[in-house]
Structures are given as structure tokens and as C-alpha cells.
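Just so you know, these numbers come straight off a predicted model, no measurement behind them. Letters A, B, ... are given to chains in the order of the sequence lines, protein chains preceding strands, and every chain is numbered from 1.
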Protein chains: 2
Amino acid sequence: MTRPLTQTEENYLKAIYKANEKTKAAVNTNTIAAYMKTSAASVTDMMKKLAQKDLVIYERYKGARLSPTGSKTATSVIRKHRLWETFLVQKLGFSWEEVHEIAEELEHINSDKLITKLDEYLGFPKYDPHGDPIPSADGKFMLREQMILSQLDVDESGILVGVKNHETSFLSHLNNLNIALGTSILIKERSGFDKSLKVSVSKGAEVVLTDMVAKNLLIRKS
Amino acid sequence: MTRPLTQTEENYLKAIYKANEKTKAAVNTNTIAAYMKTSAASVTDMMKKLAQKDLVIYERYKGARLSPTGSKTATSVIRKHRLWETFLVQKLGFSWEEVHEIAEELEHINSDKLITKLDEYLGFPKYDPHGDPIPSADGKFMLREQMILSQLDVDESGILVGVKNHETSFLSHLNNLNIALGTSILIKERSGFDKSLKVSVSKGAEVVLTDMVAKNLLIRKS
DNA sequence: ATATATTTTTAGACAACCCTAAAAATATCT
DNA sequence: AGATATTTTTAGGGTTGTCTAAAAATATAT
């Protein structure tokens, strides 16, 4: 009788997943606490519990990594999150900065059939409204060539395929600049002083992007 | 700082709502316990808590009724449940006996905007896939003339507009008989012995309905 | 390498929701 | 009305997930 995980447990797994996506090294207690906006003590408690359920590999004072099962679970939650975000934007007409919070709730709904049907209904999307890849049912991510806008040279151009920052304020800022997924961006000038870029957006309006913005834009060179 | 209700609290309110829909009288502790599949002791605890939050009017040993706020909340949860059921059937292609459980989870997602947009996406449906009325955002139900199939006389006919029983087994039974919402049913014969009915379905096949089935079919006379 | 700072764990406690068993209140029967 | 049966509440306790404060382990600095 393996009972389903609680939302909290799923969120811890997701936090660990996101924290070590690249490194695969063990994640600190404090790092998890920051992700979860909770205390280190609570994290320790939860790591013991998740380790006992074989979802996490945990050594005291050394941090935690996901077990294969834990990793599969985390990926499945991310899949659900991104499919729901896609639904909210494509079908219900939400804008990309509104959907994260709602999807944080929807991702915990428990029904494989629901997700299978939702995926089908959406036409098996490979990327969500922020350009993040949607893992397939067996946990595989679609990878793509991408680079950060700040790495482009003057006179080079790219198409926006993703964003590294998902905060509402950042996404709204892009809305104001008329920058969305698929928008083409051509670098016109780079300031030697603060690295800010003058770019032309969709072969039209010229706008200035601070380096802080440019660092968060993922593009495919065009 | 009114924090949102927990799923459990919402489910208790829904249970009280359903238990006294007609009578409006106070609901027994044991009745609520049966609905919630929990112990009477737990119900007493919860009633104290809900009374303290002004969601329920509760007198010890006398049972509970919903306060205006409690009633509004219960109605809103029912609205969400029925809209999600409609979505699952109409958009994702679920069959009517599969959707209740999933909607039990979806009904607790917290976003007014989500429900507003879902309602619009579905074309402001007035009835869910079981024929139950979907309350409007301000809590009003669309009422309709309806009667129970067993009340019809021989040679009278009606259109199925709802079902009183929502169990999977009952709904599957209707599927097997080719009876769905909108199906027209004409009474051909009534047995004097066990009140079973011989009916013709959609002006075609003749089938026999036991009284137990006929009692659970809501029809509009045609 | 020893002291200091940081990180992590343990200890003890609280809130939400659940339980069983016993006590109290109410209802029913004769 | 008195006895019995039923319903409801109280008492005491368990689990999950949270917290703060103190103790223990590890890392850093001089």
C-alpha cells in the first residue's frame, strides 16, 4: 500500500530537483530550506522521512540527492506543472506571468489519465509558455540549442525561446517591451560601460535592455 | 488576514450543504460523519472550529446548519466541481462515470479568475455531465421542471435530464443500456409485480428497467 | 591548530485532523 | 416515569508538518 505523496513531499522533491538540475551534487539543507521558504530544522525532518521512503539519498550533515524514484516523481510533477501552464495560456487565455501560481496547485492533482488526456488535448506540446521543456511521460526532456542573449555580438540576432527568470515582474517587463516567445531580437549596440544592449525587436522598435534583462533571455541564433 | 479554507473544511461545508439541501434543518453529527466517512468525534471537533470561523451555526447536541458565509462557500465549491466535470467530459473526452473523483480534487483549486475563465471557455454551461445544475458565480441555481421516470404512466415519454444516483456502477449500467442525458424514453409496459418498466430508448431498442433504476432517472416530460 | 563562524541536527512544542473509549445528554419504549 | 438505547461530546492520544532555541558537527580564518 504505497500511499500517494502529500503536496508537501512532492514540493520538496521538486525543490531538490531544481536545485541540482545541473550539478547532480547533494543539495544543502539550507538551500532546500530557502527554496521551500521553511526552516532548516523542518528540512532535516523531511529529509529523514523522504530517505525512509527511498525517494531521497540523504546523509546527515552532507545534504540530499534524489533517488531514481524521487527523480521520476519530481519529473512527473514538473510535467504536470508545465502542461497545466500550457493549458492556462493556450486554452483559457491567461498571460504567461499569471499561470505559475495556479499551476503550483494544479500540479498536485492525482490522475494519470487526466494528464494523458490533457497532453493529447494540447497537441503534445514540447515547451511550456515560458519556453521550458515539458518532460514526456517517461521523463525525457526535449533539448534544444540555446544561448543567452548577452553572448551575442553586435549585428547578430536570435529568436526568443525561453526565459531564465520566471518572476511576474520580469515577465511583465518583457510584455511592456513587446518581447514574447518567438520574438526576434537583433543586437544593434552594446555599451562598454554597463553592457546594456540597444536591440531591435521584431525588426521594428529599438529598445534598450539592461544586462540583467539580457542575461535572462534564452535565444536560438538566427 | 482570513486564510483560505483547507480542503477538509471545504468538504465539511459541502457535506452539510448536501445533507440539508431541501430541509434546511440542522444536520446531525452522525449524518455528517457518514458523509465524511469519519468519526462522530472528529465531526464535533470540526463543527466547533467551523462555528468559531462563522461558517456554521452549531449548537451542541443539536447539529449544524450553514451560516450565510458557509453556504456561499459550499455553493462555490459545488460550482467549481461541476464546471470541472463539464470540462473533463466536454473537452478532454472523459465519460460521465469517470469524472467525479478527479473533480473532487480540482474543486479545491483556489483561483477566482481560473473559474471565471473556465466557465467562459465552456460556454457558460448551466448543467454538468450528470444533469446537475451549475450554480452561477453569485450562487444561483438554474431550476427546471423535472420528474422521476417511475412517475410516468404507460405510453408517456420523457427526455433524460439528470440522475439521482452518481455511483460509477449505476452510470455504467446506463451506458450499457444506451441511456445518456438527452435520451428519450417511452414507457411501454409496467409490471404489476415488481414495478419494472419495459421502455423504448431513443425510439428504438426496448429494454427493461428495474424500479430501482427508474427511481434514479430524472426526466422532462415530452 | 586553535578559535570563531556557519551549518545542521536535536529537543521540545504547536496546529490541524484524525482516532478510540468513556462519559454525558437526549430519545425511545413500556 | 423509569429504564434502556442512541447520539453526541469529552478525554486522551497519534501523525504530519511546522516552528524556535540549543547542541553538535563542519568549515573558515588567523
Quick one: [X] [atom1] to [N] [atom2], roughly how many Å, whole number?
| X | N | atom1 | atom2 | answer |
| --- | --- | --- | --- | --- |
| B:R60 | C:dA27 | CZ | P | 14 Å |
| B:Y58 | D:dT8 | OH | P | 9 Å |
| B:D45 | D:dA11 | CG | P | 11 Å |
| B:K53 | C:dA15 | NZ | P | 13 Å |
| B:M46 | D:dT10 | CE | P | 16 Å |
| B:E9 | C:dC18 | CD | P | 10 Å |
| B:I32 | D:dT7 | CD1 | P | 14 Å |
| A:E59 | D:dA24 | CD | C1' | 17 Å |

Determine, for [X] against [Y], whether the closest basic-nitrogen to carboxylate-oxygen distance falls under 4.0 angstrom.
| X | Y | value |
| --- | --- | --- |
| A:K53 | A:E9 | yes |
| A:E145 | A:K221 | no |
| B:R79 | B:E107 | no |
| A:K14 | A:E104 | yes |

NA contact type, [X], heavy-atom cut-off 4.0 Å: base, sugar-phosphate, or nothing?
| X | answer |
| --- | --- |
| B:T38 | sugar-phosphate |
| B:S39 | base |
| A:N28 | sugar-phosphate |

Nucleotide of [options] approaching [X] most closely (side-chain heavy atoms):
| X | options | result |
| --- | --- | --- |
| A:A41 | C:dC18, D:dT20, D:dT9 | D:dT20 |
| B:T29 | D:dC19, D:dT9, C:dT8 | D:dT9 |
| A:N30 | C:dT9, C:dT8, C:dC18 | C:dT8 |
| B:Y61 | D:dT8, C:dT20, D:dA21 | D:dT8 |
| B:T6 | D:dT18, C:dA16, D:dT8 | C:dA16 |

Is the phosphate of [N], meaning OP1 or OP2, less than 4.0 Å from a side-chain N or O of [X]?
| X | N | value |
| --- | --- | --- |
| B:Y12 | C:dA16 | no |
| B:T44 | D:dT10 | no |
| A:K48 | C:dT10 | yes |

Exercise for review: Report the C-alpha distance between B:D138 and B:K72 in whole Å, list the side-chain angles of each, state the deciding distance to 0.1 Å, and finish with yes or no for salt bridge (Lys or Arg N to Asp or Glu O under 4.0 Å).
Suggested key: CA-CA 8 Å; B:D138 60 346; B:K72 226 181 93 186; over 6 Å; no
Check your understanding: DNA chain D: A:T8 or B:K62, which has the more 5' nearest nucleotide?
Key ->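 Result: B:K62.
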Exercise for review: Report the residue (A:Q7 or A:A40) whose heavy-atom-nearest nucleotide on DNA chain D is the more 5′ of the two.
Suggested key: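 Looking at DNA chain D, the more 5' nearest nucleotide goes with A:Q7.
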Exercise for review: Take the angle between the ring planes of A:H130 and A:H166 and call it parallel below 30°, perpendicular above 60°, tilted in between.
Suggested key: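 A:H130 and A:H166: perpendicular rings.
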